[in-house]
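All remarks here apply to the structure that follows.
Per chain, numbering begins at 1; letters A, B, ... match sequence-line order. Heavy-atom basis, side chains included; hydrogens, waters and symmetry copies ignored.
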Protein chains: 2
Amino acid sequence: MRVTATLPLLSALICCSLTEKLPNVSSPNIIIMLMDDMGWGDLGVFGQPSKETPNLDAMAAQGMLLPNFYTANPLCSPSRAALLTGRLPVRNGFYTTSAHARNAYTPQEIVGGISKDEILLPKMLKEKGYVSKIVGKWHLGHRPKYLPLKNGFDEWFGAPNCHFGPYNSSIRPNIPVYNNSEMLGRYYEEFKINRKTGESNLTQIYLMEGLDFILRQTKALRPFFLYWAPDATHAPVYASKRFLGKSQRGRYGDAVMELDYSVGQILSWLRSLGIENNTFVFFTSDNGAALMSGPKEGGSNGPFLCGKETTFEGGMREPAIAWWPGHIKEGTVNFQLANVMDLFTTSLALAGISPPVDRTLDGLDLTPVLLNGSYELQNRPIFYYRGNELMAVRLGQYKAHYWTWSNSWEELQNGIDFCPGQEVPGVTTHEQKEHTQQPIIFHLGRDPGEKFPISVLTKEYQHVLSMISPVVEQHKKTLVPGMPQLNMCDLAVMNWAPAGCEKLGKCLKGPKSAPWKCDWPH
Amino acid sequence: MRVTATLPLLSALICCSLTEKLPNVSSPNIIIMLMDDMGWGDLGVFGQPSKETPNLDAMAAQGMLLPNFYTANPLCSPSRAALLTGRLPVRNGFYTTSAHARNAYTPQEIVGGISKDEILLPKMLKEKGYVSKIVGKWHLGHRPKYLPLKNGFDEWFGAPNCHFGPYNSSIRPNIPVYNNSEMLGRYYEEFKINRKTGESNLTQIYLMEGLDFILRQTKALRPFFLYWAPDATHAPVYASKRFLGKSQRGRYGDAVMELDYSVGQILSWLRSLGIENNTFVFFTSDNGAALMSGPKEGGSNGPFLCGKETTFEGGMREPAIAWWPGHIKEGTVNFQLANVMDLFTTSLALAGISPPVDRTLDGLDLTPVLLNGSYELQNRPIFYYRGNELMAVRLGQYKAHYWTWSNSWEELQNGIDFCPGQEVPGVTTHEQKEHTQQPIIFHLGRDPGEKFPISVLTKEYQHVLSMISPVVEQHKKTLVPGMPQLNMCDLAVMNWAPAGCEKLGKCLKGPKSAPWKCDWPH
C-alpha cells in the first residue's frame, strides 16, 4: 500500500461489500488492537470528561467491558512481549538485570530482542491455518532475527521501534518502516511526522493496512490474526489533518479521536464483510498513560495513581473491551482480574489449539468469562513487575506493594515526574523502598487511587497478608527467570541498513561495534 | 408515612398503575434529585471502576449527560440555597464575612437561614399551580421561619440539618425529622442510624415519600415539583440492610447503590404512571466528594483535583443527567458549561413562568441546550466562590485561579486533608494565596486534573487572560453582595423544641441565648 493513500481509497474499499459470498469459517478470526501509552481514563466509557470516543463506547455497549484488566509491565516492549508469548517478561527475557527493578525496552541501540526459545501467538495459530499480520509497532527487537516475519507473523506493516526523531542520519538513523521483510522508507523521511504541527497520516495508513488484510483473508476464506498496534498516542503524538484541532483535549485528544474512528471503521468493516459473528476483537493498551508527557502529549489514567513506568494502578491498569457479536453478551461488565498474557491463552482456546506444555504460561483462558460471563477465575493474582523485581501483587480487591518507587530524586529535579501533582507519603517514593516485611496494602474497591494504606494494626491487614503471602511465596519459589535480553546496547546495531535499504538507496553506514551496559534509569 | 414502612409497601404502591386514567398536563412535572457529597466520579457513566450504578447509567443513556455541570459552592448549604434561588450564595446571603474566603453552612447552632427577601423555586412555581415537596435534607436554616413550608414548599419529609450524631440531649439535641411543619422524631432515636454497622432505612423512606407524592399529585391531576434530596452519601454514610456489604466499594458504595436503585425506582414509577413524557428529571449533587472522609465514608471525583470544600474541579464539578423521554434526545452528551442555579431558571422556563425581574439571577435557561441539543450559551462563565471571595473563573476550556487554598497547615497536621495524595505545587496551597495580578490558568480540556499550569510566558496565557479579565471585572463591578446570613452561632437556636415536640413529649430545654461569631476554619 502506498504511503500517499488517504481516505478516499478507504471509502472505495468499504464500498465493495463481500457479504453475499461469505463462508462460515470454523476457527474465529482474532483481532487484538493494542494502543500505545493510552490510559484507562482516555475512553469516554471509562470517564474521560471530553467523551470523545463514540466508537469505543459503542464497542463496549455491544461487547464486554473489563475494568480490572492489566498489562504485564508498565512499559511498551515487555508488555508487548508478554502479550505475544503469554508469559511474564521476567520469564520471556524482556527485562534487565543491569540494575535493580529497572524498566527496560528496545530503543534502537538495544542488542537483544525476543528469544528464539519463545513461541509467539502467530506461530501457534499456524496449527489451525491462521494467517497473521502485525500492523504498527513491533518493539520486540529490531535486528533481523528478531523481526516479526522471523517470529511467526506472515505479514507486517510498521516499524520495529518508537517513532522518535527526527534524527541526523550520521549520528543516529531514523526508524525504518517495513512492509513485510523489507523497509519501505523511514519516519520523518518517506513517512512524515510533522513535529511542529503534529500532522501525520500514519494512523490512516495503519487503518487501511488492517482493512486490506481483513479483506484479503476473508476473500481467501482463511482464518486470520490481526495484531493492530498503532502508536499515535505515544509521544510525539500525531494525527492526520482531518482530526488535528478537533478534540477538546488538544493534540493527544486528536490522536485518540483518530484511533477511535479507526476502531469504528474496522468494526464496521467486519459487519460489511459479514464476518462480525466470526471475529473476536479485543481492544487494550500496552501500559498506562505517560503522565510525564502531559498535558499536551500524555493521556489520562482516570482516578488511578501515577502512570507509565510505575507499578501503581495508573501504570498498569488498562482500558479493555472484548467484542464478538453473537458470542459475547452485549453491554456487559465483568470484573475478572485479567491481563494481556491471557490474550495469548484465550486466543489459542478460541482457535481450538492446545497451549504449549513445555513452559510456564502466565495467561489464563478467559473464554468462560467472555462467553459465559462467569467469574470463576476470581482468585487469580496479578503480578506487578519492574524489571527483575516483583513490586506488587493484587489478589481480589487487595493490592500489596512489596517495593515502591516512582522515579529518582535526580530525575525529578530534571523535570521528569511519573506522578505529576500526586504525592502519597511513603508510597510514591523517590527512592526504591523495600516493604517486603510489611507490605503496603490497599483495598482497590474502596480506594482505587491508592491513597489510603490499610493500617497494619487492623485485623483486615493481617487477614489480607495471610492470604497474599503464600501466593507470593509460591510465585517466587517456582519462578525460573529467562535469560535477560535487555542488558546490552550498541550503536552498531541501530537501523543503519535494514533489509531492503539497497533498493531504495537508503543504506547508512554505522559505527563499529562497541557494546555497553544499557543505562536504565527508571 | 410510617418510619417502619419497608419495601413490601413500596411494591404494593408500584402495583397500582394509573396509566389508563392519565391526563396530559400542560406544565411538565419537575423532579430535581440532589445528592449529598456524591462526586463526579461516583457514577459508572463517569468512570467509577466499580460500575455499580446501572440505573443512573441507564438514565444517562435515555437522556442527556452534562460533563461540565457545576455547583455554586463547594459546600452543602450555599449550594442548595443557590439551586433554590437561582442566585450565587454571595447574593442570596449564604456566606460569611467573619473571615476571608471561608466555607460556611448551617450547623444546628447557626442563627441565620434563607432570607425572607429571597424567592425560592417552589414559590415561583405556584403561579402555574405546582404542588411542591422536599424530601430529605433542607439545610437552608432550621429556625421556624427558615423551614421549607415557610418558603414555598407545600410538603416536607426530612431534616433541617445534617444527620450528625448521636448526641447527648443535654449538651446538644439530635436533629429532628419533620413531616411537613411538625417533627416526627429525631435521628438516632425514632429514625435509626447505626453508626457501627452503617444500617439505616432512611433512603427507603425517602424513596417511598417521593413515590407517594408523585402518585398523589398524578391522581389529583396537579403539576408537581419534587425536590428529592437524600443524604446517605454524606458522612456518616448509611444504607439499608439489603444494600449493606453489596458494593465493591465498601459502605460508601453501598449507599451509592441504594441511591442508584432508588433513582431507578422513581423513573420506573413515572413510566408505570404513564407520566414520563410529562416529567422533567434532573440528577446532580450538591458539591464534590468529601475526600477527607475517604476511603470508607468519602466518594470519588474521578480525574479531578481535590474535593469538597475546595474550588478545584473536584470540589465543584458535579455529576449531571437530564431525563425527559420524548423531549430530551436519548444518549446525548452536551458540553455546555452549566450549574445548579440554571435549574431555577430552567424550571421556570419549562413551567412557562417569567423569572423575577427585581433581582439578579445567575442561572440561565438551559432549555435550548436540553431540548434542542444546542450549545449556544458557550461563552457563559462559571464562578467558583469560597465565602466572600471569587476564587476562580472558568470561561470555555480555561480556568483562572485568582486565589488558591486547600486547607490550613494547622488542620492538615490534625489529619484533615481536602486533597489526600494530591499536591500541585503553588496550586493546592495550605495558606490562602492571592494570584489576582497573575492568575494560575489551566486548560481543562487537556488537563482536567489541574496539574499543569499554563506558563505565563506563553501567548496562550496572555490571550486567555485578556478574555477572562473583562468578565471578572464586569462581575465584580456589578456584584451587590447580599446580607451575610452565616456569621452568627448560638447554642440556644439548636433543635431543642421543634414544632410538634409537645405531642411527642420530645421537647428539650436549651441554654440561654449567647451568640458568638461562628468559627469557619476552611
Under 4.5 Å to a heavy atom of chain B? For A:Gln397 that would be side chain

Under 4.5 Å from a heavy atom of chain B, the part of A:Tyr252 involved: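 No part of A:Tyr252 comes within 4.5 Å of chain B.
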
Partner chain A: residue of [options] with the largest heavy-atom pair count (under 4.5 Å):
options	value
B:Gly445, B:Pro303, B:Gly421	B:Gly421
B:Phe304, B:Trp40, B:Phe46	B:Trp40
B:Pro295, B:Gly253, B:Gly449, B:Gly298	B:Pro295

Pick one of side chain, backbone, both or neither for B:Val45, based on which atoms fall under 4.5 Å of a heavy atom in chain A. both

Per-residue contact mode, B:Leu65 against chain A (heavy atom under 4.5 angstrom): side chain

A quick test of your reading: do over 12 heavy atoms of other residues, nucleotides or ligands sit less than 6.0 Å from NZ of A:Lys433?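 Not buried by this count: 12 neighbours or fewer within 6.0 Å.
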
Pick whichever of [options] has the most heavy-atom pairs under 4.5 Å with chain B.
options	answer
A:Pro425, A:Cys419, A:Gly294	A:Gly294
A:Gly250, A:Pro49, A:Gly302	A:Pro49
A:Pro448, A:Ser50, A:Pro67, A:Gly41	A:Ser50

For A:Lys296 against B:Glu460, the heavy-atom pair lying closest together: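 In terms of heavy atoms, the two residues are closest at NZ-OE1, 4.3 Å.
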
B:Glu297 side, atom CD; A:Arg446 side, atom CZ - distance, nearest 0.5 Å: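 Separation between the atoms: 11.0 Å.
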
Got A:Gln422 and B:Lys451 here, is their nearest side-chain heavy-atom distance under 4.5 Å? yes

